[in-house]
Amino acid sequence: MRILFFGRGVISTQYAWAFEKAGHTVEFYVRKGRKETFGSKIELEMWDARRGKKLIKESWNVKLHEEMSPNYDLIIVSVNTEQLPEAVQFLSTAAGNTPILIFNNIWQDLKSSIAPLSMNNVVFGFPGAGGGIADNRLRGGFLKMIFLEKPRAGTEHINQLVKECFESAHLKISWIKDMQSWLWIHFAMNAAMETEVLKRGSFPALMNHSDSFANVGKHMREMTPVLKARGAKSDMILLLLTKIPPALLGMLFNKVIFAKGSLPRLFIEYNNSKAGFAVLEVVREAKKLGIPLPRLTVAFENTEQHKAIENSIS
């Protein structure tokens, strides 16, 4: 299968590597000027958890394009959330009829998030991976599970194509019945974590404060009315984050889910991205709905990048 990844970010690079090892042809579309900046290789230091826990250290050759042809079997889009509107606008004319997997965090309703693309040509999924890239060196990893929406009427063939692609690389699929609610809750979870990152200064710093995840639970409780007002349906993740007492939740995250040495913890510690966008989006939506979010608002407005983020997406 010939697969094009839109952007050469952390998620795209790791899955592209796995697909190439499975025998697929993988290429990347990057913005003009990026091909020279990125170069033809990237240094990998990532954990592959498909069969146990294996550290991959490799200088990997990649094929980058600054123009797009329609000669692909599948296009996979995994970009920063704020970059998605520009990406789908470009793909609406450049992708032709090539099936597209939106492998992304999303806060809008799904149809609006991909306009002017057709919902019949798109399926939505979410990775089980993380990390960061600095100086053309990727540190991160991926788990054996990815998340994919159950087929909608008209997308069955794309779901099957995506399923075969990931399974050929020995990755398992967790099917999500209500992808819209799942993504909204996941986005709110990101906002809750980013709120703590804004307070602590970085993602690694988040992991070094014992009360960080107790606070994440408090932030999620604060955002629950926003999720309900949007029509999100509660799932086990939301119930876990909002019903368990914050102190107990903090212990569960620190000692079990993000225990020292665990891959989920390493993925966060390797994350060198700027926090704030998810917080801003949720705060904006809450203001429209007339729902107060004092914890998120104070954390965001006390940061130096507050005005910069506001101006960059206004």
Side-chain angles (χ1 to χ4, degrees), residues 1-20 22-38 40 42 62-127 129 146-169 171 173 175-176 179-180 182-183 187 313:
M1 193 179 296
R2 191 174 181 213
I3 306 165
L4 180 71
F5 285 83
F6 195 94
R8 199 218 62 175
V10 175
I11 303 302
S12 294
T13 301
Q14 295 188 91
Y15 286 106
W17 175 87
F19 290 156
E20 184 176 276
H24 300 288
T25 298
V26 297
E27 300 172 0
F28 297 86
Y29 169 80
V30 295
R31 288 177 290 173
K32 290 190 182 297
R34 292 285 187 170
K35 184 175 180 179
E36 183 177 353
T37 301
F38 288 153
S40 60
I42 182 168
V62 294
K63 191 170 185 179
L64 309 179
H65 300 287
E66 294 180 349
E67 304 290 340
M68 185 180 293
S69 71
N71 301 319
Y72 295 95
D73 299 300
L74 178 66
I75 296 172
I76 298 179
V77 179
S78 182
V79 296
N80 293 333
T81 310
E82 60 268 33
Q83 297 173 325
L84 186 58
E86 182 182 352
V88 298
Q89 186 68 43
F90 176 81
L91 289 168
S92 68
T93 57
N97 294 320
T98 306
I100 298 171
L101 168 64
I102 303 293
F103 212 38
N104 231 80
N105 221 358
I106 295 173
W107 181 239
Q108 289 178 278
D109 70 272
L110 297 185
K111 187 175 182 179
S112 297
S113 72
I114 61 152
L117 290 173
S118 168
M119 287 287 282
N120 289 333
N121 206 45
V122 170
V123 296
F124 297 88
F126 199 84
I146 67 108
F147 303 91
L148 186 65
E149 67 167 329
K150 287 189 173 180
R152 289 173 274 111
T155 68
E156 294 89 350
H157 65 294
I158 304 179
N159 283 82
Q160 183 63 26
L161 181 73
V162 173
K163 175 179 179 291
E164 291 174 358
C165 181
F166 279 93
E167 288 183 345
S168 72
L171 290 153
I173 293 173
W175 295 99
I176 306 299
M179 198 67 182
Q180 179 69 90
W182 194 94
L183 285 169
F187 193 95
I313 60 176

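All heavy atoms count here, side chains included; hydrogens, waters and symmetry mates do not.
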Worksheet item: With a cut-off of 6.0 Å (strictly less than), are more than 12 heavy atoms of other residues, nucleotides or ligands near CD of E36?
Response: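 No, CD of E36 has 12 or fewer neighbouring heavy atoms, counting only those of other groups under 6.0 Å.
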Worksheet item: Should we count CZ of R34 as having more than 12 external heavy atoms under 6.0 Å?
Response: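 It does not: R34 CZ has 12 such atoms or fewer within range.
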So, using side chain to side chain donor-acceptor pair (under 3.5 Å) as the criterion, who are the partners of [X] when residues are at least two apart?
| X | answer |
| --- | --- |
| D109 | S112 |
| E164 | Q160 |
| S92 | none |

Discussion item. Determine whether a donor-acceptor pair (N or O, by modelled atom type, separation under 3.5 Å) exists between the side chain of T13 and the backbone of V10.
Written reply: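 Checking the backbone N and O of V10 against the side chain of T13, no donor-acceptor pair under 3.5 Å is found.
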Discussion item. Listing request: all salt bridge (charged side-chain N to carboxylate O under 4.0 Å, His left out) pairs with a residue in residues 67-76, at least two apart in sequence or in separate chains.
Written reply: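 Residue pairs with at least one partner in residues 67-76: K32-E67.
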Would you give the length of the straight line joining atom [atom1] of [X] to atom [atom2] of [Y], rounded to the nearest 0.5 angstrom?
| X | Y | atom1 | atom2 | answer |
| --- | --- | --- | --- | --- |
| I3 | E20 | CD1 | CD | 10.5 Å |
| L171 | K163 | CG | NZ | 12.5 Å |
| Q108 | Q180 | CD | CD | 9.5 Å |

Worksheet item: Is there side-chain contact between R2 and E27, with heavy atoms separated by less than 4.5 Å?
Response: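 R2 vs E27: side chains touch.
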Worksheet item: Do the side chains of I102 and L110 get nearer than 4.5 Å, heavy atoms only?
Response: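 No; the side chains remain at least 4.5 Å from each other.
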Fill in: Residue of the set T155, L74, V123 for which side-chain contact (heavy atoms from CB on, under 4.5 Å) holds with L161
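Exactly one option meets the side-chain contact (heavy atoms from CB on, under 4.5 Å) with L161, and it is L74.
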Discussion item. Going by the rule ring pair (Phe, Tyr, Trp, His ring centres under 6.0 Å), which residues pair with F166 if we only count those two or more places apart in sequence or in a different chain?
Written reply: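 Counting only residues at least two positions away or on another chain, F166 forms a ring pair (Phe, Tyr, Trp, His ring centres under 6.0 Å) with Y15, F19, F103.
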Worksheet entry | Test ring pair (Phe, Tyr, Trp, His ring centres under 6.0 Å) applied to F126 - qualifying residues, sequence neighbours left out |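 W182, H186.
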Fill in: Minimum-distance pair of heavy atoms, taken over all atoms of L4 and M68
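So the minimum-distance heavy-atom pair works out to CD2-CE, 3.5 Å.
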Discussion item. Side chain to side chain contact (heavy atoms under 4.5 Å, CB included) for L101 and L148? Distances and angles first, verdict last.
Written reply: CA-CA 9 Å; L101 168 64; L148 186 65; 3.9 Å; yes
Practice prompt. Apply ring pair (Phe, Tyr, Trp, His ring centres under 6.0 Å) to F28 and F38, showing your working.
Written response: CA-CA 11 Å; F28 297 86; F38 288 153; 9.0 Å; no
